[in-house]
Enquirer: 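Got a structure for you, questions after.
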2 protein chains.
Amino acid sequence: MKKKKNNTPTDSELEILHVLWENGPSTVRFVNDHLNKKKEVGYTTTLKFMQIMTDKLLVRRNTESRTHIYEALVSESDTQSKLLTGFLESTFGGSAMKLVMQALGSHKASKQELDELKELINNIEKNQK
Amino acid sequence: MKKKKNNTPTDSELEILHVLWENGPSTVRFVNDHLNKKKEVGYTTTLKFMQIMTDKLLVRRNTESRTHIYEALVSESDTQSKLLTGFLESTFGGSAMKLVMQALGSHKASKQELDELKELINNIEKNQK
DNA sequence: TTGGAATTACGAAAGAATTCGTAGATATTC
DNA sequence: GAATATCTACGAATTCTTTCGTAATTCCAA
């Protein structure tokens with residue numbers, strides 16, 4: 001029986017993943033500096049998280065040089081998709097439409113974004129036929 | 001200085017709120033029975049949460065009879081909106097459109113739902129002009 | 001080469017969320 | 001009215017997450 005891997009990151013882990021997704025493989029120092037633009041975080045705190053994430057297989061690291069290089073092992077869209085599914089379930093009873101309506105209703109979208117959205121809807125409808 | 005009320009429920013609290021939103025004012029027994037349809041939860045566990053939620057002003061209770069009646073003090077849509085904003089920020093970097101695209105892409109929507117959605121988009125565009 | 005700076009490993013404290021046991025009070029049943 | 005069931009209050013254990021201090025090692029600069 002294969003062990004079910006629990007790949008979903010916690011909030012703090014997610015912040016680190018964002019840095020890795022955006023900047024590619026990075027050192028703890030680099031990630032920590034980035035995080036500190038938003039809020040103060042100790043270096044060893046960031047280090048600890050990245051070690052935990054290595055255990056969880058959210059990232060892997062190259063340890064050839066003394067300063068390790070960390071790389072995301074999970075993709076941004078996969079992770080977003082998983083988190084979205086969980087959020088959808090817990091908050092909107094699993095109804096994606098309710099969530100979409102709520103999101104569109106309370107968060108501004110530009111003309112261009114709305115056009116893209118309509119385009120997407122058209123494609124979905126086309127494939128449904 | 002007024003104290004900032006942190007009204008956002010935790011996951012367990014949210015499950016209880018769903019029961020209250022759906023069924024109206026309820027006893028601990030009723031809520032606990034409902035929760036147990038999905039997963040095993042001890043009675044005093046549910047009770048404890050509802051007491052905590054009373055402190056947090058997420059619910060209020062009528063204590064006239066020995067068996068207290070609990071009632072949601074926060075609305076479903078307000079709560080969803082708050083949780084959505086947080087989730088949007090942490091997972092999608094604040095981009096509602098990315099979330100909407102992801103949600104529509106990976107979760108099925110019916111013809112009717114898509115029509116409603118287009119209707120909503122039209123209204124938004126109309127108001128933007 | 002020696003002392004300071006940077007890095008990793010590790011443990012553990014602190015905080016937050018969840019879960020439940022027990023005690024005491026009140027209601028119900030036989 | 002005695003035994004049983006139900007309910008609230010409360011504290012505390014447990015688990016998960018976050019945060020950091022310290023030690024050991026390696027690198028670098030004067």
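So that the names make sense, note that chain A is the first sequence line, chain B the second, and so on, each numbered from 1.
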Enquirer: Over 60° means perpendicular and under 30° means parallel, so classify the ring planes of A/H68 and A/Y70, tilted if in between.
Expert: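 Because their plane-to-plane angle lies in the 30° to 60° range, the rings of A/Y70 and A/H68 count as tilted.
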Enquirer: Whole angstroms only, please: what is the CD-P distance between A/E15 and D/dT18?
Expert: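 So the two atoms are 8 Å apart, to the nearest Å.
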Enquirer: In whole angstrom, give the distance that lies between atom CG of A/L47 and atom P of C/dT7.
Expert: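 Distance, rounded to whole Å: 10 Å.
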Enquirer: Can you find a heavy atom in the side chain of B/L120 that is under 4.5 Å from one in the side chain of B/E116?
Expert: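 Sidechains of B/E116 and B/L120: no contact.
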Enquirer: Send over the distance from A/Y43 OH to C/dA5 P, rounded to a whole Å.
Expert: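 These atoms are roughly 16 Å apart.
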Enquirer: Measuring to OP1 and OP2 of D/dA5, would you say a side-chain N or O of B/R66 lies under 4.0 angstrom away?
Expert: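 No, no such contact exists.
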Enquirer: Count I, L, V, M, F, W, Y as connected when their side-chain heavy atoms are under 4.5 Å apart, and connections chain through other members. Are B/L35 and B/I69 then in the same cluster?
Expert: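 B/L35 and B/I69: separate clusters.
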Enquirer: Take the protein atom CG of A/N32 and the nucleotide atom C1' of D/dT18, then report the distance between them rounded to whole Å.
Expert: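 Taking atom C1' of D/dT18 as the reference, CG of A/N32 is at 14 Å.
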Enquirer: Find the bend of the helix from C/dT1-D/dA30 to C/dC30-D/dG1 as the angle between its two terminal axes (five pairs each), to the nearest 10°.
Expert: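 Comparing the first five pairs with the last five, the axes sit 10° apart.
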Enquirer: If we only count heavy atoms from C-beta on, is the A/M50 to A/I16 side-chain gap below 4.5 Å?
Expert: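 Yes, their side chains come closer than 4.5 Å.
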Enquirer: Mark yes when over 12 heavy atoms from residues, nucleotides or ligands other than B/R60 sit less than 6.0 Å from its CZ; otherwise mark no.
Expert: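 Counting other residues, nucleotides and ligands, CZ of B/R60 stays at 12 neighbours or fewer.
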Enquirer: Whole angstrom is fine here: how far is it from NE2 in B/H68 over to P in D/dT6?
Expert: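 Spelled out: NE2 on B/H68 to P on D/dT6 is 17 Å.
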Enquirer: For a quick check, with a 4.0 angstrom heavy-atom cut-off, what is the B/S/- contact string for nucleotides 14-23 of chain C, read 5' to 3'?
Expert: ---SSBBBB-
Enquirer: If you count every heavy atom of other residues, nucleotides or ligands that lies below 6.0 Å from A/K98 atom NZ, does the total exceed 12?
Expert: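 Counting neighbours around NZ of A/K98, 12 or fewer heavy atoms of other residues, nucleotides or ligands fall under 6.0 Å, so no.
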Enquirer: What about A/R29, does its side chain sit under 3.5 Å from the base of C/dA6 through a donor-acceptor pair?
Expert: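 There is none.
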Enquirer: What is the ring orientation for B/F87 with A/F87, classed by angle as parallel under 30°, tilted 30 to 60°, or perpendicular over 60°?
Expert: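 B/F87 vs A/F87 ring planes: parallel.
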Enquirer: Please name the pair of heavy atoms, one in B/V100 and one in A/A103, separated by the smallest distance, quoted to 0.1 Å.
Expert: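 Taking every non-hydrogen atom into account, CG2-CB, 3.9 Å.
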Enquirer: Find the distance A/D55:CG to D/dC16:P and express it as a whole number of Å.
Expert: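 In whole Å, D/dC16 P and A/D55 CG are 15 Å from each other.
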Enquirer: Could you tell me whether the phosphate oxygens of D/dA9, OP1 or OP2, come under 4.0 Å of any side-chain nitrogen or oxygen in B/Q51?
Expert: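 Yes.
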Enquirer: Working note: A/N32 + A/N36, criterion side chain to side chain donor-acceptor pair (under 3.5 Å); need CA distance, chi angles, decisive distance, verdict.
Expert: CA-CA 6 Å; A/N32 185 249; A/N36 272 277; 3.2 Å; yes
